[in-house]
Amino acid sequence: MLSNGEKLGVFIIPTGVGANIGGYAGDASCYARAFSEKSKLIVNPNVVNAGVFSGINPNMYYVEGYSLNEFFKGKLELMPAENNKIGVIFDKAIPQEVLNIHLNTIGAIKTVYGIDVIGYEITKKSVGIEFYIDESGISSGVVKNIETLYEASEKLLQRGADAIAIVCFFEDPETDNENYMNGSGVDPVGGIEGIISHCISEKFKIPCAHSPAFADFSISTEIVSPKAAAEYITPTFLPCVLLGLAQAPRIVKKDGISINNVDYLVMPFNSLGAVPVFEAVRRSIKVYAIKENSTVLNVTNSNFFKSDKIIEVETYKDCLALV
């Protein structure tokens with residue numbers, strides 16, 4: 001529990017593993033928001049990011065995946081913050097007209113929400129993003145020039161940024177991902193987005209999140225699955241990242257919220273092979289494995305952990321009643 005006696009939960013849905021709830025565009029937000037009404041809730045960006053929308057609310061802590069792992073290991077703590085100063089990195093490869101859309105997006109977010117975006121940096125070199133779905137069905141990819149992102153990050157930190165949003169250029173896939181559009185496939189860019197944010201988090205120990213930019217910024221007129229729809233009605237996915245980072249907790253060594261404050265962890269049923277689960281089991285923190293939410297992975301309690309600290313629950317609604 002927190003010092004005021006309020007429960008603290010962690011609600012994670014891994015990125016790029018085809019979760020049938022939370023594997024698309026903010027489609028886990030309504031579930032997480034229900035939990036946040038019962039306790040303070042740490043979420044990874046994948047849970048609430050939804051293009052021009054965001055499921056974030058004031059009772060949530062928005063924490064990137066690498067930082068979440070280190071938090072569960074007890075190596076860092078979280079200091080609640082409001083209205084962080086955000087710096088934005090733009091990939092040099094982004095075409096000017098696409099960059100203009102993102103700059104207008106920043107202007108709109110600052111005007112409507114009062115979010116403090118202190119400025120942006122364009123990388124000296126193209127970042128060089130490749131993304132794909134690997135043989136196991138998991139979204140992955142390669143960052144060819146990570147150093148150019150580090151250099152831009154350092155400039156923004158010197159300008160006073162508390163958090164960093166990263167926008168890299170992604171070559172449009174040769175064919176549409178019909179499975180994803182229909183709410184049954186894997187997000188093809190989710191894996192490499194996680195890799196990018198992990199690298200920045202590991203090096204600079206700051207809140208960060210990534211938003212992709214594509215050359216084709218036209219809005220689709222096709223009817224797609226409601227789970228993916230948030231990404232098909234906007235040419236930019238930057239708003240949700242800025243909304244999340246604005247209230248992301250700062251990363252500190254001490255005197256913040258620690259792993260010792262966590263009461264429970266919620267995960268999809270068969271994606272338990274993650275650092276937070278290992279650490280939660282080791283520390284006797286309850287892990288709720290939600291059976292209605294499955295992924296392309298097959299790491300369950302019965303075939304891997306066999307731990308009485310992992311409680312299998314049929315639905316998020318059932319889990320909420322237990323919490």
Side-chain angles (χ1 to χ4, degrees), residues 7-24 27-29 31-32 34-36 38-39 41-49 60-76 133-140 184-187 190-191 193-195 197-198 201 258-323:
K7 280 189 175 181
L8 175 65
V10 183
F11 190 108
I12 296 175
I13 297 178
T15 306
V17 296
N20 60 7
I21 297 172
Y24 299 90
D27 54 304
S29 289
Y31 300 90
F35 278 81
S36 73
K38 303 298 181 183
S39 69
L41 196 69
I42 297 171
V43 297
N44 63 314
N46 186 54
V47 171
V48 293
N49 281 357
M60 294 180 185
Y61 299 121
Y62 183 90
V63 183
E64 186 275 334
Y66 174 83
S67 294
L68 261 180
N69 289 347
E70 296 298 284
F71 171 79
F72 268 87
K73 293 175 184 176
K75 294 185 177 181
L76 59 81
I133 296 175
D134 68 19
E135 294 177 356
S136 62
I138 296 172
S139 173
S140 189
S184 62
V186 174
D187 179 358
E193 288 194 278
I195 291 170
S197 61
H198 281 28
S201 291
S258 78
I259 184 60
N260 297 323
N261 296 116
V262 173
D263 292 284
Y264 65 91
L265 167 64
V266 182
M267 295 287 297
F269 166 69
N270 63 353
S271 61
L272 302 181
V275 169
V277 181
F278 287 106
E279 291 294 327
V281 169
R282 187 171 73 84
R283 298 169 184 270
S284 296
I285 296 170
K286 288 182 180 178
V287 179
Y288 295 107
I290 311 302
K291 297 181 78 171
E292 73 171 325
N293 196 5
S294 61
T295 71
V296 298
L297 304 176
N298 186 31
V299 185
T300 65
N301 188 33
S302 60
N303 70 15
F304 193 83
F305 283 96
K306 298 179 173 62
S307 169
D308 60 3
K309 303 302 179 186
I310 298 176
I311 304 164
E312 294 181 356
V313 186
E314 288 296 327
T315 68
Y316 283 108
K317 184 177 180 180
D318 293 338
C319 183
L320 191 59
L322 293 176
V323 167

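Given the structure is predicted, the values throughout are model-derived calculations rather than measurements.
Closest approach of E312 and S302 over heavy atoms only: OE2-N, 4.4 Å. Smallest separation of non-hydrogen atoms from S307 and V281: OG-CG1, 3.6 Å. Among all heavy-atom pairs drawn from S39 and G9, the shortest one is OG-N, 3.9 Å. Between V299 and G273, the shortest heavy-atom distance links the atoms CG1-N, 3.4 Å. A pairwise comparison of heavy atoms in G74 and I259 identifies CA-CG2, 4.1 Å as the closest pair. Counting all heavy atoms, side chain and backbone alike, P268 lies closest to T295 at CB-CG2, 4.0 Å.
For the residue pair N270/T300, the side-chain donor-acceptor check at 3.5 Å is not satisfied.
For Y61, there are no ring pair (Phe, Tyr, Trp, His ring centres under 6.0 Å) partners at least two apart in sequence or on another chain. Under the ring pair (Phe, Tyr, Trp, His ring centres under 6.0 Å) criterion, F304 pairs with F278, not counting sequence neighbours.
N46 places a side-chain N or O within donor-acceptor distance of the main-chain N or O of I13, the cut-off being under 3.5 Å. Remark: the backbone N or O of G194 is paired with a side-chain donor or acceptor of S197 at under 3.5 angstrom. A distance-only check finds no donor-acceptor pair linking the side chain of N44 to the backbone of P14 [under 3.5 Å]. Remark: side-chain polar atoms of N261 are paired, donor with acceptor, to backbone N or O of S258 under 3.5 angstrom. A donor-acceptor pair under 3.5 Å is formed between the side chain of D263 and the backbone N or O of L8.
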Open item on the list: Between L272 and F305, is the side-chain contact (heavy atoms from CB on, under 4.5 Å) condition met? List the steps.
Closed with: CA-CA 9 Å; L272 302 181; F305 283 96; 3.8 Å; yes
Open item on the list: Using the rule given for side-chain contact (heavy atoms from CB on, under 4.5 Å), can you reason through I290 versus Y31, listing the C-alpha separation, both sets of side-chain angles and the distance that settles it, and then say yes or no?
Closed with: CA-CA 12 Å; I290 311 302; Y31 300 90; over 6 Å; no
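Taking the side chain as every heavy atom from C-beta outward, E314 and E292 never approach each other to under 4.5 Å. With contacts defined as side-chain heavy-atom distances shorter than 4.5 Å, the pair I42/F71 qualifies. With a 4.5 Å cut-off on side-chain heavy atoms, V296 and I138 count as touching. Contact annotation: the side chain of S139 never approaches that of T15 to less than 4.5 Å [non-hydrogen atoms, C-beta and beyond]. At least one side-chain heavy atom of P276 sits less than 4.5 Å from a side-chain heavy atom of I12.
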Side-chain donor-acceptor distances from residues 316-323 under 3.5 Å, at least two apart:
unit_1, atom_1, unit_2, atom_2, d
Y316, OH, N293, ND2, 2.9
D318, OD2, T315, OG1, 3.2

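A cation-pi contact, defined as under 6.0 Å to the ring centre and within 45° of the axis, links K291 to F269.
Within the model, atoms CD of E279 and CD1 of I285 stand 8.5 Å from one another, a figure rounded to the nearest 0.5 Å. Of the inter-residue distances, the one linking F11 atom CZ with M267 atom CE reads 10.5 Å to the nearest 0.5 angstrom.
Within 6.0 Å of NZ in K73 there are more than 12 heavy atoms belonging to other residues, nucleotides or ligands.
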